[in-house]
Amino acid sequence: MALLLRFVLLCGVADFTRGLSITTPEQMIEKAKGETAYLPCKFTLSPEDQGPLDIEWLLSPADNQKVDQVIILYSGDKIYDDYYQDLKGRVHFTSNDLKSGDASINVTNLQLSDIGTYQCKVKKAPGVGNKKIQLTVLVKPSGTRCYVDGSEEIGNDFKLKCEPKEGSLPLRYEWQKLSNSQKLPTSWLPEMTSPVISVKNATAEYSGTYSCTVRNRVGSDQCLLRLDVVPPSNRAGTIAGAVIGTLLALVLIALIVFCCHKKRREEKYEKEVHHDIREDVPPPKSRTSTARSYIGSNHSSLGSMSPSNMEGYSKTQYNQVPSEDLERAPQSPTLPPAKFKYTYETDGTTVV
């Protein structure tokens with residue numbers, strides 16, 4: 001008992017000599033992503049606290065592997081708020097006069113990386129004080145989508161689904177029917193607070209507009225769904241129509257391919273025939289050269305003949321020259337007249 005009393009007295013003396021105290025209690029704060037968090041830190045001084053005032057805020061990240069980071073500092077009547085890059089430009093003192101006893105700060109545009117334990121430390125020698133605040137950043141439900149998973153036909157089974165794009169857990173769901181008869185089927189009641197409603201043996205009475213609201217501790221979001229339960233479609237007719245349409249498409253494609261192939265074959269055949277004709281027909285001879293060659297051959301024949309048979313040969317052979325070729329043979333104005341050389345023997349003498 002004496003030891004306990006002595007301990008209490010020592011603590012009281014220590015508190016009295018320390019003087020400075022932070023009046024804000026330790027607490028936990030929850031805020032939504034993108035919002036501003038107000039972290040309070042108010043203190044009082046005693047007459048004994050005569051040293052310079054120093055205020056320091058530190059962050060112990062939720063990731064235990066990271067060391068404590070100084071995020072803002074007041075010392076020597078100056079503010080330094082660029083210590084921590086992740087919070088640069090987003091952390092500020094709320095008071096313009098920190099000596100008045102208010103060292104509270106605002107953290108703006110909260111991010112998930114801001115989650116952690118924040119510690120306010122105030123020092124004015126000989127007094128020293130500190131308090132901790134736990135900050136949790138949550139994400140509001142957003143981008144919620146409602147849809148039907150399955151075929152909305154009478155007698156079918158399908159599901160109504162409600163899915164937020166983002167949102168911190170835990171999430172709470174609430175379904176409501178907004179049109180027609182607002183009375184929900186009894187079988188749906190156990191699932192009215194879940195993200196999925198399983199519909200069994202659907203009837204036309206289920207048709208209507210439904211809403212799904214998603215909530216968590218920092219906000220809510222809602223989506224709407226229009227359900228139209230219709231009679232079953234003629235599946236046999238649909239399948240038959242699909243088959244017939246596919247066959248017609250195949251026939252059309254085959255016809256197009258056949259026509260294209262036939263046209264190509266015809267073009268190829270025409271090219272081959274035209275090429276064969278040109279190869280088989282020799283180039284036309286010059287009529288002038290024909291006439292000359294014919295006359296030249298006669299010259300050689302006449303040169304070897306005697307005067308005794310020369311008359312008969314000239315009558316017979318020159319009558320065989322085609323009149324058409326000779327008539328049409330072009331006459332060159334610069335060509336000298338053709339000269340004929342005849343050789344024969346008379347009385348043992350050769351005459352030219």
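Here the structure is a predicted model, which is why all the values come from computation and not from measurement.
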Below 4.5 Å, heavy atoms only, C-beta onward: do Leu39 and Val107 meet side chain to side chain?
yes

Nearest heavy-atom neighbours spanning Ile197 and Met192:
CD1-SD, 3.8 Å

As a quick check of understanding, evaluate side-chain hydrogen bond (donor to acceptor under 3.5 Å, both in side chains) for Gln111 and Ser113, giving each step before the final call.
CA-CA 5 Å; Gln111 304 298 316; Ser113 59; over 6 Å; no

What distance do Ile72 atom CD1 and Ile79 atom CD1 have between them, rounded to the nearest 0.5 Å?
6.0 Å

Scan residues 190-232 for pairs that pass ring pair (Phe, Tyr, Trp, His ring centres under 6.0 Å), counting only residues two or more places apart or in two chains.
Trp188-Tyr206, Trp188-Tyr210

For the backbone of Gly127 and the side chain of Asp49, can you confirm whether one donor and one acceptor N or O come within less than 3.5 Å of each other?
yes

Nearest 0.5 Å, please: how far is OG in Ser60 from CD in Gln134?
9.0 Å

With side-chain hydrogen bond (donor to acceptor under 3.5 Å, both in side chains) as the test, would you mind laying out the steps for Tyr38 and Ser104 before giving the verdict?
CA-CA 7 Å; Tyr38 168 70; Ser104 304; 3.3 Å; yes

Is a side-chain donor-acceptor pair under 3.5 Å present for Tyr173 with Thr213?
no

Carefully, step by step, assess Asn216 and Leu169 under the rule side chain to side chain contact (heavy atoms under 4.5 Å, CB included).
CA-CA 7 Å; Asn216 64 8; Leu169 301 175; over 6 Å; no

Any ion pair linking Lys123 and Glu56 (charged N to carboxylate O, less than 4.0 Å)?
no

From CG (Leu87) to CG (Asp81), nearest 0.5 Å
10.5 Å

Leu252: hydrophobic cluster co-members (side-chain, 4.5 Å)
Ile256

Can any side-chain N or O of Ser179 pair as donor or acceptor with the backbone N or O of Thr209 at less than 3.5 Å?
yes

How about Cys223 and Cys212: are their SG atoms under 2.5 Å apart?
no

Going by the ring pair (Phe, Tyr, Trp, His ring centres under 6.0 Å) test, which pairs reach into residues 102-127, not counting sequence neighbours?
none

Could you check if a side-chain atom of Ser168 sits within less than 4.5 angstrom of a side-chain atom of Arg217, using non-hydrogen atoms only?
no

For the pair Lys124 (side chain) and Gly51 (backbone), establish whether a donor and an acceptor sit closer than 3.5 Å, ignoring hydrogens and angles.
yes

Test item: side-chain donor near acceptor, Thr36 and Asn106, under 3.5 Å
no

Testing the basics here: between Trp175 and Pro195, what is the closest heavy-atom pair and its distance to 0.1 Å?
CZ2-O, 3.8 Å

For Leu53 and Tyr74, what are the C-alpha separation, side-chain angles and deciding distance, and is it a side chain to side chain contact (heavy atoms under 4.5 Å, CB included)?
CA-CA 8 Å; Leu53 178 64; Tyr74 172 82; 4.1 Å; yes

Applying salt bridge (Lys or Arg N to Asp or Glu O under 4.0 Å) as the test, list every pair that has at least one member in residues 156-172; sequence neighbours left out.
Asp149-Lys161

So do Phe93 and Ile55 actually touch side chain to side chain, heavy atoms under 4.5 Å?
yes

Distance from Ile154 atom CD1 to Glu205 atom CD, nearest 0.5 Å?
10.0 Å

Residue pair Thr23, Thr44: steps toward the side chain to side chain contact (heavy atoms under 4.5 Å, CB included) verdict
CA-CA 7 Å; Thr23 58; Thr44 58; 4.0 Å; yes

Considering only residues two or more places apart or on different chains, which pairs with a residue in residues 92-104 satisfy salt bridge (Lys or Arg N to Asp or Glu O under 4.0 Å)?
Asp77-Lys99

Should the heavy atoms of other residues, nucleotides or ligands under 6.0 Å from NZ of Lys131 be counted, would the total exceed 12?
yes

Where Cys146 and Leu224 come nearest, the two heavy atoms and their spacing
CB-O, 3.8 Å

Between the CG atom in Leu138 and the CG atom in Leu112, the distance rounded to the nearest 0.5 Å is 8.5 Å

Leu227 versus Val148: any side-chain heavy-atom pair under 4.5 Å?
yes

Quick check: closest heavy atoms across Leu98 and Ala103, and the distance to 0.1 Å?
CD2-CA, 4.4 Å

Hey, is the main chain of Ser220 close enough, under 3.5 Å, to the side chain of Arg215 for a donor-acceptor pair?
no

Give a yes or no on whether a salt bridge exists between Asp86 and Lys88, defined as a side-chain N under 4.0 angstrom from a carboxylate O.
no

Between Glu48 and Leu45, does a side chain to side chain contact (heavy atoms under 4.5 Å, CB included) hold up when you go through it step by step?
CA-CA 8 Å; Glu48 289 79 11; Leu45 300 173; over 6 Å; no

Nearest atoms (heavy-atom pairs only) where Val229 meets Glu153
CG1-C, 3.8 Å

Could you name each residue pair satisfying salt bridge (Lys or Arg N to Asp or Glu O under 4.0 Å) that touches residues 34-45, not counting sequence neighbours?
Glu35-Lys140

Where is the tightest heavy-atom contact between Ile22 and Cys120, given as atom of each residue plus distance?
CD1-O, 3.8 Å

